[in-house]
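Along the sequence shown, residues are numbered consecutively beginning with 1.
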Amino acid sequence: MTQQVDTIRGARALLMNTTLYREFQAEKEEILRHKWIESEKAGYDIGFERALVDWITHYRAGWRRARQQSSTDDGPLAGASGVGAG
């Protein structure tokens with residue numbers, strides 16, 4: 001049983017360190033922020049699904065472009081892609 005728990009913890013730690021998981025978490029935080037803003041405007045909780053659809057429809061593409069631009073300018077991949085290499 002202890003070995004299973006250790007395996008699960010190890011797998012979880014590995015997952016949480018992946019770029020895919022961090023991008024998922026960042027996107028989820030933006031959706032939750034959008035939900036809060038739109039709920040405040042509406043005067044009631046609009047719910048996660050409505051916020052998700054609205055955010056994807058209106059903001060996701062721009063958010064992703066800005067995030068990708070930011071990561072190529074300042075991120076750890078800047079050197080790997082040759083950007084800024086002299």
Roughly how far apart are [X] [atom1] and [Y] [atom2], rounded to 0.5 Å?
{"X": "T19", "Y": "F24", "atom1": "OG1", "atom2": "CZ", "result": "15.0 Å"}
{"X": "L32", "Y": "W55", "atom1": "CG", "atom2": "CH2", "result": "10.5 Å"}
{"X": "I56", "Y": "W63", "atom1": "CD1", "atom2": "CH2", "result": "11.0 Å"}
{"X": "T18", "Y": "Q25", "atom1": "OG1", "atom2": "CD", "result": "10.0 Å"}

### Query
Taking all atoms of both residues into account, what is the closest heavy-atom pair of A51 and H34, and its distance?
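Distance-wise, the nearest heavy atoms are O-CD2, 3.4 Å.
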#### Entry: Residue pair E23 / R67: nearest heavy atoms and the distance that separates them
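That would be OE1-NE, 2.9 Å.
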### Query
Shared ILVMFWY cluster between Y59 and F48, side chains joined below 4.5 angstrom?
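Yes; F48 is reachable from Y59 via cluster members.
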### Inter- and intrachain pairs under salt bridge (charged side-chain N to carboxylate O under 4.0 Å, His left out), touching residues 57-66, at least two apart
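Qualifying pairs: E27-R60.
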### Message
Enumerate the salt bridge (charged side-chain N to carboxylate O under 4.0 Å, His left out) contacts for residues 8-19, please, sequence neighbours excluded, ordered by first and then second residue.
### Response
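Pairs touching residues 8-19 that pass the test: none.
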### Query
Should the pair D54-K35 be classified as a salt bridge under the 4.0 Å nitrogen-to-oxygen rule?
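No.
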### Task
May I ask you to say whether R50 pairs ionically with E38, meaning some side-chain N is under 4.0 Å from a carboxylate O?
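No.
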### Task
Apply side-chain contact (heavy atoms from CB on, under 4.5 Å) to A42 and list each qualifying residue two or more places apart in sequence or on a separate chain.
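A42 satisfies side-chain contact (heavy atoms from CB on, under 4.5 Å) with Y44, I46 only.
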### Query
Taking the side chain from T7 and the backbone from Q3, do they hold a donor-acceptor pair closer than 3.5 Å?
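Here the side-chain-to-backbone pair exists.
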